[in-house]
Amino acid sequence: MTHNVSVEVTDGFHLVIDALKHNDIDTIFGLVGIPITDLARLAQAEGMRFIGFRHEQNAGNAAAIAGYMTKKPGICLTVSAPGFLNGLTALANATTNCFPMILISGSSEREIVDLQQGDYEEMDQLNIARPHAKAAFRVLKAEDIGVGIARAIRAAVSGRPGGVYLDLPAQLLAQTIEAGHAKRSLIKVVDAAPRQLPAPDSVERALALLKGAKRPLILLGKGAAYAQADADIRAFVERTGIPYLPMSMAKGLLPDTHAQSASAARSFVLAEADVVVLVGARLNWLLSHGKGKTWGKPKQFVQIDIAPTEIDSNVAIAAPLIGDIGSCVGALLAGLDGAGLEQPDGEWLGAIAQRKEQNQAKMAALLDRNPVPMNFHSALRAIRDVLKDHPDINLVNEGANTLDFARSIIDQYQPRKRFDSGTWGIMGIGMGFAVGAAVTSGKPVVAIEGDSAFGFSGMELETICRYELPVTTIVFNNNGVYRGTDVNPTGGKDVAPTVFVKNARYDKMIEAFGGIGYHATTPEELARALAGAIAAGKPALINAVIDETAGTESGRLTNLNPQSAAKK
Ligand code: ADP
C-alpha cells in the first residue's frame with residue numbers, strides 16, 4: 001500500500017535552533033567540527049549570529065560575559081571530548097562567578113560510550129560536566145529538545161545564576177521528527193528568573209541593625225551589578241549617605257568619582273566599620289573571608305544575596321536578606337523612612353574623607369612620575385586620561401600587577417563595563433571577554449592585559465580582526481610573568497621559568513590579520529595610540545613597553561604564592 005500524503009519533517013539540528021530563537025537567544029559563540037558544524041551553519045542561515053573562535057575556552061568566556069551583561073544565558077557551542085573540555089574551563093569559571101551561560105557540546109553515541117567501546121572522541125561528557133556546572137542535561141530524543149533548552153535556560157538564570165551543560169549526541173541532531181509535532185514541543189520560558197522578595201521581618205532586622213550603626217559601610221559586589229537594579233542601588237546609597245566600596249566588577253555601578261566612594265580609603269573603612277551591608281558580594285578570599293587584620297574592629301554584617309546557603313559561609317551574618325537584589329534593595333528603600341535611619345556620623349565621614357585625601361595625594365605623586373622606561377603607574381595614568389573621555393567604554397582587565405594597578409587607577413563611570421579575572425582571579429579571560437563584550441554591546445572595548453595573561457587567548461586577535469570588532473588590546477610588556485628579570489641560576493641555556501622573549505613586538509601579531517599595531521615606549525605615545533585606536537574603531541593592539549624590573553611577584557597575592565625557605 002502506498003501513501004500519497006507527504007509529511008513535512010524537521011530534525012534535531014533545526015529544532016535546537018528553533019528552541020533557542022523561540023527564547024530570544026540570537027547569538028552563539030563557538031568553534032565548529034564534528035558533529036556540530038552543520039548546527040553552526042544552519043544557525044547562521046536561520047538568522048542567528050555565530051561567532052567562531054580559535055579555542056573553545058575563549059568562546060566559552062565570551063558566552064559567559066554576554067550572560068553577565070544581559071541576564072540571558074550566553075551560548076557556547078563545541079565539539080565533543082577535547083572541544084568540550086576546553087569549553088568546560090569557561091563553564092566552571094562562569095559557575096564560580098555566577099554568570100549565566102549554556103555550554104552545548106556535541107557528543108559521541110551513548111551505546112558506544114557507555115560500553116567504552118572506543119568511539120571517535122569518546123567521553124562521558126555529561127558526568128564530567130556535572131560537578132563544574134550548576135546543572136547538566138542530555139537530550140536523547142528530538143521531541144525533548146524544547147524541554148532540554150527550556151530547562152537549561154531556567155537553570156542558568158534563576159536563583160543564583162551559573163553555567164549549564166547541555167549534551168547533544170550526534171545521532172540526536174540528525175534525528176527527524178514530524179514538523180507539527182516538533183513545533184508543539186517547543187517551550188517559551190516564562191519568567192525565567194522570577195523575582196524573589198525578601199521576608200518582611202528580615203528587612204526590619206537589617207534596618208534595625210543599620211539604625212544602630214555608628215560607622216556603616218556598603219560593599220557592592222558583582223552580584224549587585226548583575227542584578228541591573230542600578231537606580232535603586234544608587235538611591236539606597238545616596239539616601240542613607242553611607243560610604244560604599246565597590247568590588248572590582250561593581251565599579252561604575254555608581255561612578256568611581258562619586259563623593260560617597262570610599263575606594264581610596266579601602267583599608268581604613270574595612271578595618272573601622274561597625275556594620276557592613278554586603279550587596280551581592282561574597283566574603284571569599286577577595287575579602288579576606290570577612291576576618292583577620294583586614295577587617296580590624298569587630299563588626300556585624302547585613303548580607304543581601306539570592307543564595308540562602310551563602311549566609312554564614314565565612315563569618316556569622318547578623319542580618320541576612322535573601323532575595324533578588326532589586327527586590328531587597330527596594331524593600332530597604334521603602335522601609336528607610338519608617339526605620340528612622342539617620343545620616344551617618346560626621347566624625348566617621350570626616351575620618352574617611354581625610355584618609356581619602358591623603359591616599360589620593362600619595363597616588364597622584366606616584367602617577368606624576370615619569371620614569372624611563374614606563375612603569376605600570378605612568379602607563380596607566382596615560383590610559384586613564386584617555387578613557388575619561390570615553391565613559392561608556394567596555395574595559396577588560398587581567399594580569400597580576402596589570403590587574404591590581406589598573407583596578408585602582410582606572411575609573412569606571414557606568415555599570416557593567418568592567419570585566420576582569422573575577423572570583424578565581426584567573427588569567428585567560430582576556431580576548432574571550434573582549435569579543436563577548438564587543439559583540440554583545442556593539443560598543444568599543446579596551447583590554448588592558450599583562451603580557452603573560454594575554455598569551456592565554458592571544459590567537460583570538462584573528463577572531464577580532466575577522467569580525468572587525470572595535471577592540472583595542474594593550475599589552476603591558478615587561479618581558480615575563482610578574483617581571484622579566486629572573487635568570488637561570490645554573491647558567492644553563494634555558495631561560496628562567498618566568499621569562500619570555502625579550503622586547504617582543506606583540507603589535508606585529510595583529511598586523512598579520514589586518515589590524516592596526518602600535519608600539520608605545522612613553523606615556524605620550526601610549527595616549528596617542530589609544531586615542532587613535534578608539535577613534536578608528538578598528539581592531540588594534542598596542543605593545544606598551546614597561547620596565548622589566550617593575551612589578552612584584554604575584555601582584556598583591558604574594559601571600560598566596562609560597563616560596564621555598566630551604567635555600568641550598
Ligand atoms: P564579588 O566578586 O564582586 O565580590 P561575588 O561573585 O563574590 O561578587 O558575589 C556575587 C553574589 O551575588 C553571589 O553570592 C550571588 O549569589 C549573588 N547574586 C547574583 N545575582 C544576584 C541577584 N540577582 N540577586 C541577589 N543576589 C545575586
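Each ligand, and each atom within it, is numbered from 1 in the order the structure gives. Quick note: residue numbers are just sequence positions, from 1.
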* **V279: which of L220, L253, V302 passes side chain to side chain contact (heavy atoms under 4.5 Å, CB included)** => L220
* **Shortest heavy-atom approach to atom 25 (C) of ligand 1 - which of L321, T96, I325** => I325
* May I ask which of W285, Y226, F99, W424 has a heavy atom nearer to atom 20 (N) of ligand 1 than the others do? =>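 It is Y226 whose heavy atom sits nearest to atom 20 (N) of ligand 1.
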Nitrogen or oxygen atoms of [X] and ligand 1 under 3.5 Å apart:
X    : value
L287 : no
D305 : yes
R160 : yes
C98  : no
R282 : yes

Would you give me the side-chain donor-acceptor pairs under 3.5 Å for residues 153-163, sequence neighbours excluded?
residue	atom	partner	partner atom	Å
R154	NH1	D191	O	3.4
R154	NH2	V190	O	2.8
S158	OG	R154	O	2.6
R160	NH2	E310	OE1	2.8

* Using distance alone, with no hydrogens and no angle criterion, decide if E460 and N58 have a side-chain donor and acceptor under 3.5 Å apart. => yes
* **All pairs passing ring pair (Phe, Tyr, Trp, His ring centres under 6.0 Å) where residues 417-436 contributes a residue, at least two apart** => none
* Asked: To the nearest 0.5 Å, how far apart are CE in M363 and CG in L366?
  ->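 Interatomic distance, M363 CE to L366 CG, rounded to 0.5 Å: 6.5 Å.
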